[in-house]
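Convention: sequence-line order gives letters A, B, ...; per-chain numbering from 1. Values below: every heavy atom of this structure, side chains too, minus hydrogens, waters and symmetry copies.
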There are 2 protein chains.
Amino acid sequence: MEDEHNYSASNYRTPDGAPTDIVIFTITSRERESGKKSLPIRELQLLLIQRKVWPFIGKWALPGGFTRESETVQECAERELLEETGVSDVHIEYFNVYSMPGRDPRGWMISHAFLALVKEDVLLDRRASVDAADVRLLRVSEALSLELAFDHGIIIGDALHKIREKMLTTTIAKEFLPEEFTIGELYQVIQTVIPEFEEKNFIRKVTSTQIRKGIIEEVREETGELKSSNKYSQRAAQLYRFTDYEPQLSIYS
Amino acid sequence: MEDEHNYSASNYRTPDGAPTDIVIFTITSRERESGKKSLPIRELQLLLIQRKVWPFIGKWALPGGFTRESETVQECAERELLEETGVSDVHIEYFNVYSMPGRDPRGWMISHAFLALVKEDVLLDRRASVDAADVRLLRVSEALSLELAFDHGIIIGDALHKIREKMLTTTIAKEFLPEEFTIGELYQVIQTVIPEFEEKNFIRKVTSTQIRKGIIEEVREETGELKSSNKYSQRAAQLYRFTDYEPQLSIYS
DNA sequence: TTAATAGTGTCTTTCAGACACTATTAT
DNA sequence: ATAATAGTGTCTGAAAGACACTATTAA
């Protein structure tokens, strides 16, 4: 350090590390065994790792790792996501810092928490990391009922709050949907994240009102005809895709 | 460190500090010299400190300082705000982390940036800190045209983006207003932060529409009569206050 | 035929947007 | 009287909210 410049911060205690923790959400879908075509059962799940080293050995924890001097915390989170789950090129977003003294028995650790939103199929070939005894997808309710390592229960709670807010105010629903989707699928994804969500005339609001219809658009065949899918229903449903328009909300207008 | 637990992070390079940087916004108001009563000229300003130690000596910088092991980054920001400006009990909110390698010549510093919103009068008795040559309020446009220390230009740009977003989606306008205010003042505060903001029938939207009128309420005298003020106009204007209701916005409803 | 989902018709009430208009009162 | 701000009247068209109704088609 540059002592010739009269810099004194190095005389003080410095952090023992800058870890990242990644809350990886996915929505699983499972067919109902009704025989007929129907909408799947969807569940919001998150990926946890069972620790096999001290501290909190045996406890479930968020994936993550220590930031290196040569990278940003965002790069660290992306690297750890890749190393621990084999996933890259997904939505991964910083959301909060956790710095409560004593939160990590290993020392003074200020942790940076990220939110990753991953489609189910991307996680199918996931693999355990070298320092994790096990990797598993758990329902959010399950995960929160476990005794988690560190302050990860708090982090997950905050992440859940954040994803619920963003589901209604941004177009992150697209992170859980295929490129082309039906209005029924979109509605289900929103409800999976926010169970109390209910909009009576959802299809109209999202397709027919001036201010909102800009966020999604109808998909057409090469021939120009409207493209539809009967994956979930007898009657085929119109397919939509998200545009790149992000609506600006305001409480004053 | 607990080497007996086989913990190896201490073998790695650790950060040289966890500083906080605080972007302190205020709205100044200045009377127009028209003789008659009129709305003041309001300006969005921020508080900067001129550095008197290496690095970036002489350059303008955000107030802030190093987090201690015994405190959270939020507590550090609040402490530094108090030490450097004499201000406490104001809105101060974490908004982002800055970790680009090389951002600080003193070493590996991961900085936590806060947004503070302060009423003008609270800053009147501000005082220079022990390690700052000068403290000054600058217009945002001025501040951004200066050569700032570290990556503080980027941090201020991000803070400005954040405050503009929050001005429209939350009730932070109250941080710049007295407890009781007129619709004209509220409108001015919003316009000071977002110059392009314009709502033709603002007074009606904010007072008469079902979904929005919950965010402010009329102030009454002890006698029960509506309370008004003629501070800015010949004709007295109704006074309002914010309720504690925070509206939930949604792009889907 | 039925189950399951997709989508429409229609009515009422509320809101948005425009803009001319009236109200108040210190100077 | 005037300047400066506060606030209302009124019209149009769009959207919200409710809810019954029709449409499609594999099984």
**Study point:** NZ/NE/NH1/NH2 to OD/OE distance under 4.0 Å, Lys119(B) and Glu179(B)
**Key:** no
Check your understanding: If you measure from the Lys or Arg side-chain nitrogens to the Asp or Glu carboxylate oxygens, is any gap between Lys162(A) and Glu93(A) under 4.0 Å?
Key -> no
Review point. Would you say dG17(D) has OP1 or OP2 under 4.0 Å from some side-chain N or O of Lys205(A)?
Key: yes
Check your understanding: What integer distance in Å separates Phe202(B):CZ from dG17(C):P?
Key -> 14 Å
Study note, to complete from the structure: Rounded to whole Å, CD of Glu185(B) lies from C1' of dA6(D) at a distance of 13 Å
Exercise for review: Let me know, please, whether Ser38(B) or Thr209(A) comes out on the 5' side of the other along DNA chain D by nearest nucleotide.
Suggested key: Ser38(B)
Exercise for review: Select base, sugar-phosphate, or nothing to describe what Leu39(A) touches, counting heavy atoms under 4.0 Å on all strands.
Suggested key: sugar-phosphate
Practice item. Figure out the CD/C1' separation between Gln188(A) and dA4(C), and round it to whole Å. Key: 13 Å
Review point. So, Phe181(B) versus Phe242(B), ring centres under 6.0 angstrom or not?
Key: yes
**Study point:** Between dA4(C) (P) and Ile203(A) (CD1): distance, integer Å
**Key:** 19 Å
Review point. Just by distance, with hydrogens left out, do Thr171(B) and Glu246(B) show a side-chain donor and acceptor under 3.5 Å apart?
Key: yes
Review point. When all nucleic acid strands are considered with a 4.0 Å heavy-atom cut-off, which category describes Ser253(A): base, sugar-phosphate, or nothing?
Key: sugar-phosphate
Review point. Name the one of Leu138(B), Leu62(B), Leu123(B), Val87(B) that satisfies side chain to side chain contact (heavy atoms under 4.5 Å, CB included) with Leu47(B)?
Key: Leu123(B)
Point to revise | d(CD, Glu198(A); P, dG17(D)) in whole Å | key: 12 Å
Review point. Considering heavy-atom distances to DNA chain D, does Gln238(B) or Ser208(A) have its closest nucleotide positioned more toward the 5' end?
Key: Gln238(B)
Exercise for review: Please report, rounded to the nearest Å, how far the P atom of dT5(C) is from the CD atom of Glu31(A).
Suggested key: 12 Å
Point to revise | Pair Asp158(A)-Tyr98(A), side-chain donor/acceptor within less than 3.5 Å | key: yes
Exercise for review: Using a 4.0 Å cut-off on protein heavy atoms (strictly under), produce a 5'-to-3' string for nucleotides 18-27 of chain D with B for base contact, S for backbone-only sugar-phosphate contact, and - for none.
Suggested key: BB---BBBBB
Point to revise | Nearest-angstrom distance from the residue atom CD of Gln191(B) to P of dT5(D) | key: 12 Å
Review point. Would you call Arg42(B) and Glu185(B) a salt bridge, using N to O less than 4.0 angstrom?
Key: yes
Check your understanding: Over how many whole Å does the gap from Lys231(B) atom NZ to dT27(C) atom C1' extend?
Key -> 20 Å
